[in-house]
2 protein chains.
Amino acid sequence: MTKNTRQRIVDAAMELFWLKGYSSTSIADILSRSQVNSGSLYHFFPGKQDVLVAVLEAYRDGIGPMLLEPAWGGVDDPLEKVFALLARYRRSIVDTECQYGCPIGSLALELHEPDPAVRELLAANFTAWVDAVEACFREAAYRFEPGTDLRALAELTLNVMEGGVMQARTYRDVACFDRAVAQLRRMIEAMLVRDLAE
Amino acid sequence: MTKNTRQRIVDAAMELFWLKGYSSTSIADILSRSQVNSGSLYHFFPGKQDVLVAVLEAYRDGIGPMLLEPAWGGVDDPLEKVFALLARYRRSIVDTECQYGCPIGSLALELHEPDPAVRELLAANFTAWVDAVEACFREAAYRFEPGTDLRALAELTLNVMEGGVMQARTYRDVACFDRAVAQLRRMIEAMLVRDLAE
DNA sequence: GTCTATAAAAGGATAGAC
DNA sequence: GTCTATCCTTTTATAGAC
């Protein structure tokens, strides 16, 4: 049984926006990849931007099942969960021969005057990511020096990931990403309580 | 005396690519802003992408006079030069009501299959930036713990800046950038030799 | 909900006179 | 080097039958 039309459109658009970006993806691209006709797409969505909104909602709703859970399979240590998540990005970079871009980060920089709905969904995606990383740090809170700002550390993790992905893509070299993660790891280890640090 | 035509085109394109991105800027946009006619543009440039190349060359060649020197006016301490550079980005964020995007970083994520010439120019811009920051750290090398990887630290500085700009833009809140810089400063201070640390 | 056909505009690029 | 006019393609979106 083939999935419903609306879902096929969102799936196709999600992949195309990731591969080519938003403005370089035409409605015709979406139609041909999803095997849907123009009339059907405009039946479900008023316009291209509304497809983008649906895509961003799908990313936000899928962050657990599509990103975190696959990354965390078999990993129990909360700090290592953070690095397992980063390792998943590394895998994406390698699998795409260093052409990978974080879909949310790329859209956040590509769209220069986004609708409020779009911008808020971009922010919601970042927030969900940072929340998840912060939750890992909190699970390991007792290992950090008292008073450590774990929210700020989670935000820094996102920033380092986004920067590392950007550099790896630009230099076509995953080592850029690796160095970024290594710096982050060194920093985090320096923030741990001495006796408990490995 | 009005500047020569080619320069007017590059100036207009530089601003438009920054404001709207590459694909959202049309040739017509460039023509109307630069007050140049179609025939003249295509006299100097084979096509739109060649204008982009010229813009990226202008950024690369202007990083000293246009970015570093203004940022460093009156700042002598090499470590504070790094933070003065970051403060300049902060100013841009505030001045644009948090719509600022690093022109190079934005293009690096917007362009999904860039020509080799374009990609190499993006990389050259990042390299020039990291080189400059690394040079600051090297000037202050004696203050760091021996063996500190100053190149990696300069790369991290770029990553944190790019991540901070991305978040500030997405959340429309310069505090995102401030927190990123604060984390970086704390990290750098932790890497300094104790007796010399302020 | 889906189909085909097509409108209406915008886009990159070119021609050829001056 | 610069000008106007215009070609050709792509793009978003709509119309209207089924």
Side-chain angles (χ1 to χ4, degrees), chain A residues 1-56 58 106-107 110-118 121, chain B residues 1-58 106-107 110-119 121:
Chain A
M1 175 59 187
T2 139
K3 288 205 253 174
N4 70 65
T5 304
R6 196 194 129 99
Q7 191 59 47
R8 288 219 313 283
I9 294 167
V10 173
D11 289 348
M14 193 177 314
E15 179 145 13
L16 287 166
F17 292 163
W18 174 61
L19 287 170
K20 313 176 47 170
Y22 177 72
S23 28
S24 296
T25 296
S26 68
I27 298 280
D29 289 334
I30 298 173
L31 296 178
S32 90
R33 175 173 279 256
S34 59
Q35 297 284 47
V36 163
N37 294 301
S38 170
S40 297
L41 189 148
Y42 284 100
H43 171 73
F44 289 106
F45 300 98
K48 187 182 174 184
Q49 182 176 257
D50 304 275
V51 178
L52 173 62
V53 166
V55 164
L56 291 173
S106 298
L107 287 169
E110 177 191 348
L111 304 169
H112 284 244
E113 284 179 340
D115 248 45
V118 169
L121 275 166
Chain B
M1 174 58 186
T2 141
K3 288 205 249 171
N4 70 65
T5 304
R6 196 194 129 99
Q7 192 58 47
R8 288 218 315 282
I9 295 168
V10 173
D11 289 346
M14 192 176 317
E15 180 145 12
L16 286 165
F17 293 163
W18 174 62
L19 287 170
K20 313 179 44 168
Y22 177 72
S23 26
S24 297
T25 296
S26 69
I27 299 280
D29 288 335
I30 298 172
L31 296 178
S32 90
R33 175 174 280 255
S34 59
Q35 296 286 47
V36 163
N37 294 301
S38 170
S40 297
L41 188 148
Y42 284 100
H43 171 75
F44 289 106
F45 300 98
K48 187 181 174 184
Q49 183 176 255
D50 304 275
V51 177
L52 174 62
V53 166
V55 165
L56 290 172
E57 286 169 346
S106 298
L107 287 168
E110 177 191 347
L111 304 169
H112 284 243
E113 284 178 340
D115 247 45
V118 170
R119 195 187 60 70
L121 276 166

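Residue numbers start from 1 in every chain, and the chains themselves are labelled A, B, ... in the order their sequence lines are given, proteins ahead of strands. FYI, side chains are in, hydrogens and waters are out, and symmetry mates aren't considered; it's all heavy atoms of this structure.
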Mind checking whether A:R6 and A:F45 have side chains closer than 4.5 Å, heavy atoms only?
-> yes
Between atom CG of B:L107 and atom OH of B:Y22, what is the distance when rounded to the nearest 0.5 Å?
-> 9.5 Å
Strand-adjacent residues in residues 39-58 of chain B, judged by heavy atoms under 4.0 Å from DNA chain C = B:Y42, B:G47, B:K48
Atom CG of A:N37 and atom P of C:dT6 are separated, to the nearest Å, by 15 Å
Heavy-atom pair of closest approach, residues B:V10 and B:V55 = O-CG2, 3.9 Å
Gap between atoms CD1 and P, on A:I30 and D:dT10 respectively (whole Å) = 17 Å
Over all atoms of both residues, closest heavy-atom pair of B:A58 and B:M14 | CB-CE, 3.4 Å
Gap between atoms CG and P, on A:D29 and D:dT11 respectively (whole Å) | 7 Å
Using atom CG of B:L31 as one end and atom C1' of D:dT4 as the other, report the distance to the nearest whole Å.
-> 13 Å
Over how many whole Å does the gap from A:I27 atom CD1 to D:dT12 atom P extend?
-> 5 Å
Under 4.0 angstrom, heavy atoms only, what part of the nucleic acid is B:S38 near: base, sugar-phosphate, or nothing?
-> base
Would a distance-only check, ignoring hydrogens and angles, find a side-chain to backbone donor-acceptor pair under 3.5 Å from B:N4 to B:Q7?
-> yes
Test log, rule side-chain contact (heavy atoms from CB on, under 4.5 Å), inputs B:D11 and B:S34 | CA-CA 8 Å; B:D11 289 346; B:S34 59; over 6 Å; no
Expressed in angstrom and rounded to an integer, what is the separation of A:R8 atom CZ from C:dG1 atom C1'?
-> 12 Å
Hey, does A:T25 reach any base, or is it just sugar-phosphate, or nothing, if we go heavy atoms under 4.0 Å?
-> sugar-phosphate
